[in-house]
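Labels below follow one simple rule: chain letters A, B, ... track the order of the sequence lines, proteins then strands, and each chain is numbered from 1.
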Amino acid sequence: MNEKESTGVSNFIRNIIDKDLASGKHVKIITRFPPEPNGYLHIGHTKSICLNFGIARDYNGICHLRFDDTNPEAEDVEYVDSIMEDIRWLGWDWGTKLFFASDYYDKLYDYAEILIKDGKAFVCDLSPEEMNKMRGTLTQAGTESPWRNRSAQENLDLFRRMKAGEFDEGTKTLRAKIDMASGNINMRDPVIYRIKKAHHHRTGDKWCIYPMYDYTHCISDALEGITHSICTLEFEDHRPLYDWILDQLPVPCHPQQIEFARLNMTYTVMSKRLLLTLVKDGHVNGWDDPRMPTVAGMRRRGFPAAALRELSERIGVAKASSIVDFELLQFCVREELNKTAKRVMAVLDPLEVEIENYPDGKIEYLEADNNPEDPSAGKRLIPFGRHLLIERYDFSEEPVKGWFRLAPGAEVRFKHAYYITCKEVLKDASGNITKLICSYDPASKGGWSQDGRKIKGTVHWLCKDTAINIETRLYSHLFKVEDPMSCEEGKTFLDYLDPDSLVTKQAWGEPSLSEAKASDAFQFLRLAYFTADYDTTTDKPVFNRVVTLKDSWTKKGKA
RNA sequence: UGGGAUGUCGUCUAAUGGUAGGACAGCGGACUCUGGAUCCGUACGUGGGGGUUCAAGUCCUCCCAUCCCAGCCA
């Protein structure tokens, strides 16, 4: 129990670390989270973030935040800022360990010269098209570049001139000299430097050659003393190259790359490219649209950071590709919000109720728990009067078996208020129910009676005269199918978008809701968890539905 | 006739040659001033064939299925 709490759940990566610690290979564990600042973080990244920062926390180690900024054309400070904000919001702290791969450009360059002097790298004049042709195919070996056997001296001279900006983009690259016949395409003399006359968000115009990921990442890890370099499965094929480069150079250490399966989740897509499409083509309202699996979107939606961390714990870490049930996320969100969300009453689809034996014009204030799960959340006073509003679906003129909400002649409890009995049903000319005439039992104030009468049904309600208008944004899955990526012939993931994934509904709520501040979490009693949106104002409160409450009644198909 | 990986309840994940366990979802019940929460119970799994072993999810072997790789992206 104690061990489990202190080191988290067991997984194959922690097993490796345990062994390395036991054998004395390492005494201090250093991990890193290495995002490229070219997009927003999504829930897939939160798995990696929690993994790396979580290991550092549990092993008394350190997790570095290192931006993998080697492609200036794609990257921007805007992303650097949003990524740091998201990681902090998720509850992690990198202390002083903030790094940029671009911090290492000078060292990286020096190492490249070493490679050249040792005959392990060469300047190649092939055009991108030629290089592509000569790379071979998955089943056929590649062909060696005609420039492969230049002298070290010539290579050094050319590389220095590349750095000096003497050549145009695309005319020359620096390549590692490995094996054009390798079955692993990454080992077929991979490019390690290319010419890009681009402005870098940190180094400005100092450089016109930029190192490639494979070359940069392993050396950056080594320079920082990373012990375990944890990445996703698609880099498995790159590990031989990671190791090869470090084996050629006098680097301070040789970190171990370990790959794990990235997170996939039902009813959503996870790639930056696809998310960008959703944003760019206006299928959602920006990166922080509450339907997006981005950290920014989930934050706005109202998913608590603690729930996201809990999810990361629960899904575990392994090497088999998998798709996690969205239900598990919802469970984590409900679990957290149940403990923390303030209970209030709101009515989305109102039906008028008039209490015939309650004095007209009288308003009394009744005491209500703010959170039955947390007594320290205190109580509040809610207004009650003759004219009330209830949820239309809480009344049934012809109740089915097992129905214990309101019905003609039935008595139910109005939460925190009184026992109410339905006396009469008023309808308009076309037969629609317009109002319920009810009576209340004054002896049941607070929602209970001394005679021990058993009242099974409890409904939520609002005092009509004091209720305020609110806007609710009812979110559901962005996609109609579990896996939008496995498409039928001729369709794309966009064909599975659910046009009803956002339904905006004007509703009514307790007066106190006008004071809600953005990100405040609520449970609208018996309905769902809601969070005040960034758009909320005193005049026009706006709430995002985070997740509905579990509902074992409608699930039975009885509603 | 390329290389690299992975197959355990519906889903995710543990078991490191010795009782296949947990969580979510499901189902049933208890309880409840939220048909919420909580509590209890229940069903469901080692991709397949051979082999080694007293004993195999685990070791060997063959097969099958799935995923990743041909950017001067990361």
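- For A:R202 and A:F100, the positive end sits near the middle of the six-membered ring, less than 6.0 Å away and at most 45° from its axis.
- Closest to the side chain of A:N338, out of B:A74, B:C72, B:G36, is B:G36.
- Side chain of A:R194, nearest nucleotide from B:G2, B:U34, B:A74: B:A74.
- To the nearest angstrom, C1' of B:G36 lies 14 Å from CZ of A:F530.
- Remark: A:K550 is in phosphate contact with B:A37, judged by side-chain N or O atoms under 4.0 Å from OP1 or OP2.
- Between B:G17 and B:C60, the two C1' atoms lie 13 Å apart (nearest whole Å).
- With P as the reference atom, B:C27 and B:G47 are 28 Å apart, rounded to whole Å.
- For the pair A:H42 (side chain) and A:G44 (backbone), a donor-acceptor distance under 3.5 Å is present.
- Listed for the A:Y215 side chain is a donor-acceptor partner under 3.5 Å among the backbone atoms of A:L108.
- Cation-pi geometry between A:K456 and A:F404 is met: the NZ or CZ atom falls under 6.0 Å from the ring centre, inside 45° of the normal.
- Stacking of the aromatic ring of A:W553 onto the base of B:G35 is found: the ring centres lie under 5.5 Å apart and the planes are inclined by under 30°.
- Picking from B:G71, B:C24, B:G36 the nucleotide with the shortest atom distance to the side chain of A:M212 gives B:G71.
- Using a 4.0 Å heavy-atom cutoff across all strands shown, A:H217 reaches no nucleic acid atom at all.
- At least one side-chain nitrogen or oxygen of A:K196 sits closer than 4.0 Å to the OP1 or OP2 atom of B:C73.
- Nucleotide B:C67 has B:G4 as its partner under the Watson-Crick or G-U criteria, with both atom distances under 3.5 Å.
- Using a 4.0 Å cut-off, no side-chain N or O of A:K415 falls inside it from OP1 or OP2 of B:G36.
- Under 4.0 angstrom from either OP1 or OP2 of B:C73 there lies no side-chain N or O belonging to A:T70.
- Of the candidate nucleotides B:A74, B:U34, B:A25, B:U34 has the atom lying nearest to any side-chain atom of A:L549.
- In this structure, of B:C72, B:A70, B:G36, it is B:A70 that holds the atom nearest to the side chain of A:N132.
- Counting only heavy atoms from C-beta outward, the side chains of A:Q523 and A:V344 never approach each other to under 4.5 Å.
- In this structure, B:G29 is classed as anti because its glycosidic torsion departs from zero by more than 90°.
- Within the nucleic acid shown, A:K445 has no heavy atom closer than 4.0 Å to any nucleic acid atom.
- Nearer to the 5' terminus of RNA chain B, by closest-nucleotide assignment, is the contact made by A:T139 (compared with the other of A:E234 and A:T139).
- Taking 4.0 angstrom as the limit, A:T137 places none of its side-chain polar atoms (N or O) nearer than this to OP1 or OP2 of B:G2.
- For the P atom pair drawn from B:U13 and B:G7, the interatomic distance equals 9 Å after rounding to whole Å.
- The P atoms of B:U46 and B:C9 are separated by 7 Å, rounded to the nearest whole Å.
- Shown here, B:A15 forms no base pair; nothing in the strands shown gives a Watson-Crick or G-U wobble contact with both key distances under 3.5 Å.
- The side chain of A:R175 places no N or O atom within less than 4.0 Å of a non-bridging phosphate oxygen (OP1 or OP2) of B:G71.
- The P atoms of B:C12 and B:C67 are separated by 14 Å, rounded to the nearest whole Å.
- Of all nucleotides present, only B:G29 satisfies the Watson-Crick or G-U wobble test against B:C39, with each distance under 3.5 Å.
- Atom P of B:A30 sits at a distance of 50 Å from the matching atom of B:A65, rounded to the whole Å.
- Taking side-chain N and O atoms only, A:R188 has no distance below 4.0 Å to OP1 or OP2 of B:C69.
- Both distances falling under 3.5 Å, in either a Watson-Crick or a G-U wobble arrangement, occur for no nucleotide opposite B:G57.
- Contact annotation for A:H416: base contact, defined as any heavy-atom pair under 4.0 Å involving a base atom.
- With a 6.0 Å cutoff to the six-membered ring centre and a 45° limit on the axis angle, A:K445 does not count as a cation-pi contact of A:Y418.
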B/S/- contact track for nucleotides 5-21 of chain B, protein heavy atom under 4.0 Å:
SS---BSSSSSB-----

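- A:K196 forms no cation-pi arrangement with A:Y210, by the criterion of a distance under 6.0 Å to the ring centre and an angle within 45° of the ring axis.
- Residue A:F404 is classed as a base contact, given a heavy-atom separation below 4.0 Å to a base.
- With hydrogens and angles ignored, a donor-acceptor pair under 3.5 angstrom links the side chain of A:D237 to the base of B:G3.
- Comparing B:A23 with B:C72, their P atoms are spaced 49 Å from each other, to the whole Å.
- A:Q523 comes within 4.0 angstrom of a base, heavy atoms only.
- A:N38 and A:K272 share a side-chain donor-acceptor pair at under 3.5 Å.
- In this structure, the side chain of A:S23 engages the main chain of A:D20 through a donor-acceptor pair within 3.5 Å.
- Checked against B:G71, B:U34, B:U32, the side chain of A:K454 finds its nearest nucleotide in B:U32.
- A:R14 is listed as a side-chain neighbour of A:D58, based on a closest heavy-atom distance under 4.5 Å.
- Nucleic acid contact for A:L174: none, since no nucleic acid atom lies under 4.0 Å from a heavy atom of the residue.
- Contacts of A:P240 with the nucleic acid, taken as non-hydrogen atoms under 4.0 Å apart, are absent.
- A:E373 comes within 4.0 angstrom of a base, heavy atoms only.
- Within the 4.0 angstrom heavy-atom criterion, no nucleotide atom of any strand lies near A:Y193.
- For A:R405 against B:G35, a side-chain N or O and a base N or O form a donor-acceptor pair under 3.5 Å.
- Side-chain proximity of A:M131 to B:C69, B:U34, B:C72: nearest is B:C72.
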